[in-house]
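Okay, so here's the structure we're looking at.
FYI, side chains are in, hydrogens and waters are out, and symmetry mates aren't considered; it's all heavy atoms of this structure. Residue numbers start from 1 in every chain, and the chains themselves are labelled A, B, ... in the order their sequence lines are given, proteins ahead of strands.
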Amino acid sequence: MRRKELTTAAHTHEPSERVFKIPLRRRAADLGRLLPDGFTMALQAGNTLERRYLDTHDWRLWAAGASLTWESAAGVTSLTWRPPHLGPVIVPRWPLPRLAADLPEGTVRREVHPLIGERALLVHGSVVVHQRAGAIRDQHGKVVVRIWWERGQCLDASGRPSGHPVASVRMAKVLGFEGAWQAVLASLNAAPFLEAAADSELQRAAGARGRASGDYSSRLAIQLSPQLPAAEATRLILRRLLDMASANLAGTVEDIDPEFLHDLRVAVRRARSALGQLTGSYDERSHKPLREELRWLGEITGACRDLDVFLADLRSYQNELGSPTGGELAPLVEEVARQRAEQHAALRAALTSARLRRCLALWHRLTEPPRRPPRAPEAQWPTAQVAAARVQRAYRRMRRHARRLPVPAPAEGLHRLRIDGKKLRYLLEFFASLWGSRGAALIRHLKELQDALGVFNDLAVQQRRLAEILQIVLARGEVAAATALAAGRLAVLLEERQAAQRAAVAEGLAAFFAREVRAQVASLGGGGGEV
Amino acid sequence: MWVIAVWSIKGGVGKTTTAAALAALAARDGQRTLLWDLDPQGAVSHWFRVAPRHRRAPRQLVKKGTPLAELALGSDLPNLDIVPSDLSHRALEAELARRTHPTGRLARKLAPLAQVYDWAFLDCAPSVTLVSEAVLAAADAVLAPVVPSSLSLRTLEQMRRLRAEAAAEEVPLLPFLAMVDRRRRLHRHNADALAGTGEFLTTVIPMASAVERAAESFTPVTLAAPTSPAATAYMSLWVELQQRLAGRQARFPATPRRV
């Protein structure tokens, strides 16, 4: 039998809602007649509203099977949160939120914040909806299913109607009335006029704006085949990274949230790493200018990103330390925020410069299919062979560096080891499609070590930056003694935590260079042999 | 999750009306809300057209292993679920008495719900029982409706004493004047005298026929007659309650989680 159910609020779990598409000419009574005996449907008078679908740039809510919409009708606004398992939560009279802090306290913020983190909520789609809300009741008059009869017209980015209007019936089950829910669904599934459709309102609304749900993710996910020539694999990797960098440029310039700059920097760093580690797979001469321009891009984005991270760290410590120490750190936070604004202005100028445009054009040119086969020594080698050899070389180098570290390891040495680890991780991620679960397991092992090294390094950097910022505000003579004392207390805390973190680092190193992980690296092939 | 018990050892003072009105207001504000009917009369369950589904519901309410969420039913209002009650719930007292650590049983049942609900309102029976002690051990605050009669202060004093005996003095007892009919001289006099003690919330719930009419239509007064003086007073009580809780730590805090 043809499946009449169209879309669900959640695509990963048992949904609490169902949406059916219905021909525009149909009336509510047509649906009411379909209900099983004893059930009645009543709809309120209709109203027209504009619905905006909110999500992060990288579609975190959609990926979790949830949705957040903001509705506005004649100046009356509301926010609707649809988590995957439970029914919708509608918060009336709520202004359009931008960050998690703008969300109403309680369920909505508690559930949305862990998903979006510090990312901004952007409008991914907009629909003008004529809506009639109502309910289906059982023979006792109890509401057993909630219902929204809607006719939606998607709008494009400039607010003009796009595509044809679509009528739909959204139904939500009521807790504890599973039997009634199933009975109603069964009767509607048998209705001849309910048409199948492959898309949801969100997909249509995003499409009207030239977007598609899940069209951006910071995950690399590059599909490569083992026999693909290494030069072609390098080109595909660079193309994916160019797409990622381009997707984050406007958000970085507009300073929508700090993750745009983070993802831009990661794309640049990965591209530099690819060019640095896959030498032999591409023509040095043609790519040398890009390597130089990527170094420049890395430099101009570094200062602002470092301050983003330090600002977030300081704010987090303020919360952790509570009152009064947290409050006394405020002048330092203000100084970091001031410096960050300055750095962002410089970054914006660089990212809107002619040099940046030339850099992107060059990057783009090198990701186009070449007219002649590249003549680099390993250009025609199978990707699987090059990839395994490079991963094994990077692993060996990292292990060699780890073994040479004195005890206790200096912070600089551990930082260098972390850089080695990043390069190895990028390689594993570039070629993950070649190795399936073996590659994923290695990435997992490496991530554990990198996390331990990352925390250690962050604590070292935080101590250094804290001292620098304190010097600056002290020199200005604007800071109270209480702030200096609070900074001192924080410095002691950071030092203690860094010392404690050494144990986690040692544990991570021992685990990552253990015999079984070495065997996993060797099993990637490529003739690298014992690692 | 904030757990608010609506309790008085005196009957007919507006406990159920208050619990239903506040729960409906919380749900209207987009807060996931649970209303737990602890009164065997089951008035609040009747209002919201729900009844216990399980034959041994009182036992399941206290024994380990059955999550309270499994006994909750959705009301006709979005965001509001009810744990219903009926006459069989008079056995709750006996069920508690049979258990070790009886007074902590309700708290243990409520604790996991902090991940789902923002508010839990407990509509308590007008009695002094082990259930009352268990309620005090679970609540963040006790709202106590007080009708301005000459016995009211004495009732309130008894409730304070019970709270002390239950070693629950840290649970704020928030009395407020309810069912006040200012046309009656005695009500006027007593209400003014009680309000003057400074121990009461500032909100006064008036005696109103709108409340009775709302009950007839199975609807909380805040929805049935939202502009009536009684509904307005309940909205004010809702705001005042939130103000009283501001800055306090909930007994069952929710931890951020991935959905």
Side-chain angles (χ1 to χ4, degrees), chain A residues 9-10 12-13 16 60-61 63-68 78-94 100 103-117 133 135-146 148 172-181, chain B residues 1-2 24-35 45-54 57 67-84 113-120 217-219 223 226 242 245-247 249-250 252-259:
Chain A
T12 51
H13 303 281
S16 60
R60 295 182 184 190
L61 301 180
S67 78
L68 184 67
S78 66
L79 192 66
T80 301
W81 165 235
R82 291 191 155 87
H85 316 280
L86 295 167
V89 175
I90 301 165
V91 182
R93 302 178 301 281
W94 201 262
L103 295 168
E105 277 187 50
T107 300
V108 180
R109 195 188 298 179
R110 191 174 66 245
E111 294 182 353
V112 174
H113 192 189
L115 292 172
I116 69 170
I136 294 173
R137 293 175 185 269
D138 65 10
Q139 62 274 31
H140 306 295
K142 171 77 184 78
V143 172
V144 289
V145 176
R146 284 184 239 289
W148 294 268
K173 68 177 165 190
V174 173
L175 180 68
F177 293 89
E178 187 68 30
W181 170 249
Chain B
M1 177 179 72
W2 294 107
L25 285 169
R28 182 209 61 177
D29 282 357
Q31 308 277 305
R32 278 213 193 104
T33 306
L34 182 75
L35 177 51
S45 307
H46 177 69
W47 259 28
F48 287 101
R49 301 177 222 252
V50 287
R53 293 272 177 84
H54 300 270
L68 189 58
E70 284 183 12
L71 304 174
L73 296 170
S75 75
D76 288 5
L77 308 178
N79 303 331
L80 176 58
D81 298 333
I82 316 286
V83 177
L113 297 184
Q115 294 304 336
V116 178
Y117 294 101
D118 301 305
W119 293 84
S217 63
F218 298 96
T219 314
L223 291 175
Q242 292 174 86
L245 295 172
Q249 177 72 37
F252 306 114
T255 49
R257 69 187 179 106
R258 287 196 176 269
V259 292

After noting the C-alpha distance and the side-chain angles of A:K142 and A:V174, does the key distance pass the side-chain contact (heavy atoms from CB on, under 4.5 Å) rule? CA-CA 10 Å; A:K142 171 77 184 78; A:V174 173; 4.2 Å; yes

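- There is no contact between A:R109 and chain B, counting heavy-atom distances below 4.5 Å.
- Partners of A:S78 according to the side-chain hydrogen bond (donor to acceptor under 3.5 Å, both in side chains) rule, which considers only residues two or more places apart in sequence or in another chain, do not exist here.
- Contact of B:L71 with chain A is not made at all, since no heavy-atom distance falls under 4.5 Å.
- Using a 4.5 Å cut-off on side-chain heavy atoms (C-beta onward), A:W81 and A:P104 make no contact.
- Residue contact with chain A, scored on non-hydrogen atoms closer than 4.5 Å, involves the backbone and the side chain of B:D76 alike.
- The candidate from B:A69, B:G74, B:P78, B:S75 with the greatest count of non-hydrogen atom pairs under 4.5 Å with chain A is B:G74.
- Residue A:H113 does not touch chain B at all, counting heavy-atom pairs closer than 4.5 Å.
- Under a cutoff of 6.0 Å and an axis angle of 45°, B:R53 and A:F177 form a cation-pi pair.
- Ranking A:P88, A:G141, A:G87, A:A135 against chain B, the residue ahead of the rest is A:G141, based on heavy-atom pairs under 4.5 Å.
- Between chain B and the residues A:V91, A:T107, A:L79, the largest count of heavy-atom pairs under 4.5 Å involves A:T107.
- Around CD of A:Q139, the count of heavy atoms belonging to other residues, nucleotides or ligands within 6.0 Å exceeds 12.
- Of the candidates B:L35, B:L34, B:T33, B:N79, B:T33 is the only one forming a side-chain contact (heavy atoms from CB on, under 4.5 Å) with B:W119.
- Residue B:Y117 touches chain A through both its backbone and its side chain, counting heavy-atom pairs closer than 4.5 Å.
- A donor-acceptor pair under 3.5 Å is absent between the side-chain atoms of B:Q31 and the main chain of B:L25, judged by distance alone.
- Proximity to chain A (any heavy atom under 4.5 Å) is shown, for B:A250, by neither the backbone nor the side chain.
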